[in-house]
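Below is one structure, written out as structure tokens; the observations come after it.
Labels below follow one simple rule: chain letters A, B, ... track the order of the sequence lines, proteins then strands, and each chain is numbered from 1. When reading the values below, keep in mind they use all heavy atoms of this one structure, side chains included, and skip hydrogens, waters and symmetry mates.
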Amino acid sequence: MTNNDQHVKLESNDAYIWIETPEPFDFMVNLDYLQRNPKECMYDITDGIITRVIDIAGERVLVRIDSPDNRKLRVQFLSDASLPTRKMVVAYIWEWFDLSMDLSGFYEWAQYDPLLNEPVERFYGLRIMGIPDLFETLCWGILGQQINLGFAYTLKRQFVEKYGDAITFEGMKYWSFPSYESIAKLSPTDLSDIKMTIRKSEYIIGIAQLMATGQLAKKKLLSLGDFKQIENALVAIRGIGPWTANYVMMRCLRFPNAFPIDDVGLHLALKQQMGLGRKPTKDEIRKVSVNWKGWEAYATFYLWRSKY
DNA sequence: GACCAGGGGTGCC
DNA sequence: GGCACCCATGGT
């Protein structure tokens, strides 16, 4: 939580907080990823400036993030926040942009990989933009199961606007994700009016209940340590299969070797990069990903970006 | 009206 | 563990 202190100048009366980012980092490339879908409801991006709420243990802080030099992150606080809270907001942003990850080991070989050399050059400085909150990641993963992304964003927006809270600033609403405490109290039919299937409602409410009782928590998962143990613990939960487990380990738990191999987006990107004319089989994917050795999550993320 | 979409559960072998 | 089958719902 404090490993980023050395990169941050923090004084309580500063108008801005600056975050030094490690090489390689390209703010615009990461911003382009965040802007991949106009239906996104968890933040606004206008003229290269991100505005969003960051939830710190129930305290909702509205911030703006930009980067005049495309390298350092500039954070402006639009809500009053104590110094400890500001530090936690910075830690959140640090994690959001995956700034603890040393990418040199990835670029070292990826620039020579026949499927990755193009994406790696085109998106140089891209990091896996994560979802630090476990409940939000799990919900997003389940919402996205077996439906097109456009509809998934619609579902998320309806879910957030019905059960989340908003801060209004200069006429705009900025949302925070619904808490698992509030979702744990719902019954599956409560969500049917926002076009969520009963099955998905059951999954999400069940997970909210596991988190509300403390049986499921990010720290608890991470404390298991071993990759396979964490994956098994996730898959044991109803509604979480191999794809969702690896998706969560990739975007929330920050395992660079997480690999959602069943992902349709990955399949389509590989179809294009491999020039197949059809989606690759699982065996073909296993074959071409042998060299990705421990960087499967980053390989997947760059391939996702490549299919545009 | 097919077919597809950033899958998962269940039952069977 | 691997496989077939069912499940829902909006987009195209």
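Aromatic rings of Phe301(A) and Tyr33(A) (six-membered ring for Trp) have centroids within the 6.0 Å cut-off, being under it.
Taking atom CG on Asp262(A) and atom P on dA5(B), their separation rounds to 14 Å, with Å as the unit. Atoms CG (Leu149(A)) and C1' (dG7(B)) sit 13 Å apart, rounded to a whole Å. Look at CH2 on Trp243(A): it is 16 Å from C1' on dG9(B), rounded to the nearest Å. Atom CD1 in Ile240(A) sits roughly 14 Å away from atom P in dT10(B) (whole-Å rounding).
Gly144(A) comes within 4.0 angstrom of sugar-phosphate atoms only, judged by non-hydrogen atoms across all strands, and of no base. Residue Pro260(A) is classed as having no contact, given no heavy-atom separation below 4.0 Å to the nucleic acid. Among the atoms of the strands shown, none is found under 4.0 Å from any heavy atom of Thr154(A).
The same atom, P, is picked in dG8(B) and in dG11(C); the two are 22 Å apart, to the nearest Å. Atom name P, nucleotides dG10(C) and dG9(B): the rounded distance is 22 Å, in whole Å.
Contact annotation: Lys39(A) does not reach the phosphate of dG11(C) (side-chain N/O to OP1 or OP2, under 4.0 Å).
At a threshold of 4.0 Å, the pair Asp32(A)-Arg305(A) does not count as salt-bridged, since none of the basic side-chain nitrogens sits closer than that to a carboxylate oxygen. For Glu284(A) and Lys279(A), the salt-bridge test fails: no basic side-chain N is under 4.0 Å from an acidic carboxylate O.
Residues of residues 226-239 of chain A having a heavy atom closer than 4.0 Å to DNA chain B, listed by number: Ile237(A), Arg238(A), Gly239(A). Shown for residues 264-271 of chain A: residues whose heavy atoms fall under 4.0 angstrom of DNA chain B, namely Val264(A), Gly265(A), Leu268(A).
For the pair Gln145(A) and Lys279(A), both in contact range of DNA chain B, the more 5′-proximal nearest nucleotide belongs to Lys279(A).
When each of Arg127(A), Lys218(A), Arg254(A) is tested with Glu95(A) by the rule salt bridge (charged side-chain N to carboxylate O under 4.0 Å, His left out), just one qualifies, namely Lys218(A).
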List the protein contact pattern of nucleotides 2-8 of chain C with one symbol per nucleotide (5' to 3'): B for base contact, S for sugar-phosphate-only contact, - for none; contact means a heavy-atom distance under 4.0 Å. -----SB

Phe177(A) and Tyr163(A): ring-ring contact (aromatic ring centres under 6.0 Å, His included), yes or no, with the steps? CA-CA 8 Å; Phe177(A) 202 76; Tyr163(A) 296 104; over 10 Å; no

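Side chains of Asp98(A) and Tyr298(A): a donor on one and an acceptor on the other come within 3.5 Å.
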